[in-house]
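Have a look at the structure below before the remarks.
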Amino acid sequence: MQPASGMLLVAAPALQDPHFAETVVLLLDTNDEGALGVVLNRPSQVLVADVLEPWRDVVAEPEVLFRGGPVGTDGALAVARLRDAQDTPVGWRPVAGLVGMVDLDTPTELVDGSLTAMRVFAGYAGWGAGQLEGEVERGDWYVVVAESSDAFRGDTTGLWRDVMRRQPGMLAWHANRPVDPDLN
C-alpha cells in the first residue's frame, strides 16, 4: 500500500529511531514534495489548557498535548473529527472522511458543536520528496488503513499493537514479533 493522506504508518519492530519506535503516525498530507503526519501515541504531561486555554473544553481526553513528531516542536497542529460532514466549521481542512485539521487561530465558538473529538499535537513528522517511500520500501513502516477512532483514543498505550492485530494475514503476526527474530 502506498502512503496517502488519512492512512497510518505503523513503525516496524526493527525501527529503533527513538522518535518513532513503536509509533503510529497519521498521515495528514502527502504530495510530490513529501509527507507530513503526527504521532498518535505519544502523549505529553502538558495540559492543553496550560498552553492553549481557549481549546481546553474542545480537546478529547486525555486533555494533554501529544508529541506529534520531532519537527516544529514549538508549533501545534490540531486533528479533529467532524460530527456531520455537512457542518464544516471555519478553519477546517479535510484529511480523510470525517477526520481533518482545525486551524488553532479559529475562535473556539466557531467550531463549537461541529466536532466530536479533537487532539492537539506539538510538532510533526515530516519527510522530503521520496523519503517516506524509501523508508516504506526498506521495511521501516507498514502503511495501513486508519479507523477514525485511532486518532482519538483515550488510552494510547496499546494503539500500536491494536492497529497491528487488526491487519489481515501475516501483517498481524508482526504485533508479536521480536525486534530481532533471530534471537527468538
Side-chain angles (χ1 to χ4, degrees), residues 1-30 34-48 59-81 95-97 99 101 117-128 130-184:
M1 211 175 291
Q2 291 298 311
S5 297
M7 302 288 287
L8 294 178
L9 298 175
V10 182
L15 181 61
Q16 293 301 302
D17 177 324
H19 295 294
F20 297 112
E22 296 186 358
T23 60
V24 177
V25 175
L26 174 64
L27 287 173
L28 301 174
D29 194 15
T30 59
L36 177 138
V38 289
V39 175
L40 298 178
N41 56 336
R42 294 275 170 93
S44 75
Q45 298 299 313
V46 178
L47 294 173
V48 170
V59 294
E61 289 185 14
E63 298 161 346
V64 297
L65 284 175
F66 278 69
R67 293 184 301 269
V71 182
T73 56
D74 57 341
L77 298 171
V79 175
R81 184 175 51 220
V95 172
V99 175
M101 298 174 65
M118 187 176 105
R119 275 270 144 80
V120 178
F121 297 88
Y124 62 91
W127 294 267
Q131 183 182 4
L132 178 57
E133 291 79 1
E135 290 180 15
V136 169
E137 221 172 272
R138 189 173 60 223
D140 293 343
W141 299 101
Y142 305 118
V143 181
V144 302
V145 175
E147 293 181 359
S148 66
S149 60
D150 291 335
F152 310 104
R153 282 176 59 144
D155 180 6
T156 62
T157 54
L159 180 62
W160 185 92
R161 183 171 298 272
D162 291 345
V163 169
M164 289 301 293
R165 284 186 176 165
R166 73 176 186 233
Q167 300 312 308
M170 289 299 293
L171 192 52
W173 174 80
H174 291 286
N176 299 312
R177 178 182 165 201
V179 172
D180 185 353
D182 292 335
L183 296 177
N184 196 6

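Because only heavy atoms are used, hydrogens play no part in the values below, and waters and symmetry mates are left out as well, while side chains stay in. All of these numbers come straight from a predicted model, not from anything done at the bench.
- One finds the CG atom of Asp140 at 9.5 Å from the CG atom of Leu132 (value rounded to the nearest 0.5 Å).
- Closest non-hydrogen pair, Gly154 versus Pro62, comes out as O-CD, 3.0 Å.
- Between the side chains of Glu135 and Trp141, a donor-acceptor pair is found at a separation under 3.5 Å.
- Contact record, Val95 with Met101: CG2-CG, 3.9 Å, taken as the closest heavy-atom pair.
- Smallest separation of non-hydrogen atoms from Pro13 and Tyr142: CD-OH, 3.5 Å.
- You'll find the side chain of Val59 stays beyond 4.5 Å of the side chain of Phe66, heavy atoms only.
- Considering only heavy atoms from C-beta on, Leu28 stays 4.5 Å or farther from Tyr124 through its side chain.
- Contact annotation: the side chain of Leu40 approaches that of Leu8 to within less than 4.5 Å [non-hydrogen atoms, C-beta and beyond].
- For the pair Val10 and Trp160, the minimum side-chain heavy-atom distance is below 4.5 Å.
- Across Ser5 and Ala96, no two heavy atoms sit closer than the pair O-CB, 4.3 Å.
- Between atom OG1 of residue Thr73 and atom CG of residue Leu65 there is a gap of 11.5 Å, rounded to the nearest 0.5 Å.
- Side-chain N or O atoms of Arg119 include one that pairs as donor or acceptor with a backbone N or O of Arg153 at under 3.5 Å.
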Inset, instruction - Test side-chain contact (heavy atoms from CB on, under 4.5 Å) on Glu133 and Gln2 and set out the steps. - result: CA-CA 8 Å; Glu133 291 79 1; Gln2 291 298 311; 4.2 Å; yes
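- Under a 3.5 Å cut-off, the side chain of Thr30 and the backbone N or O of Ala35 do not form any donor-acceptor pair.
- With hydrogens and angles disregarded, no donor-acceptor distance shorter than 3.5 Å links the side chain of Asp150 to the backbone of Leu26.
- Remark: the backbone N or O of Phe121 is not paired with any side-chain donor or acceptor of Arg67 at under 3.5 angstrom.
- A heavy-atom distance below 4.5 Å is found between the side chains of Val79 and Phe152.
- Residues passing the side chain to side chain contact (heavy atoms under 4.5 Å, CB included) test with Val143 are Met1, Pro3, Met7, Leu9, Val136, sequence neighbours excluded.
- Under the 3.5 Å distance criterion, the side-chain polar atoms of Arg42 are matched with a main-chain donor or acceptor of His19.
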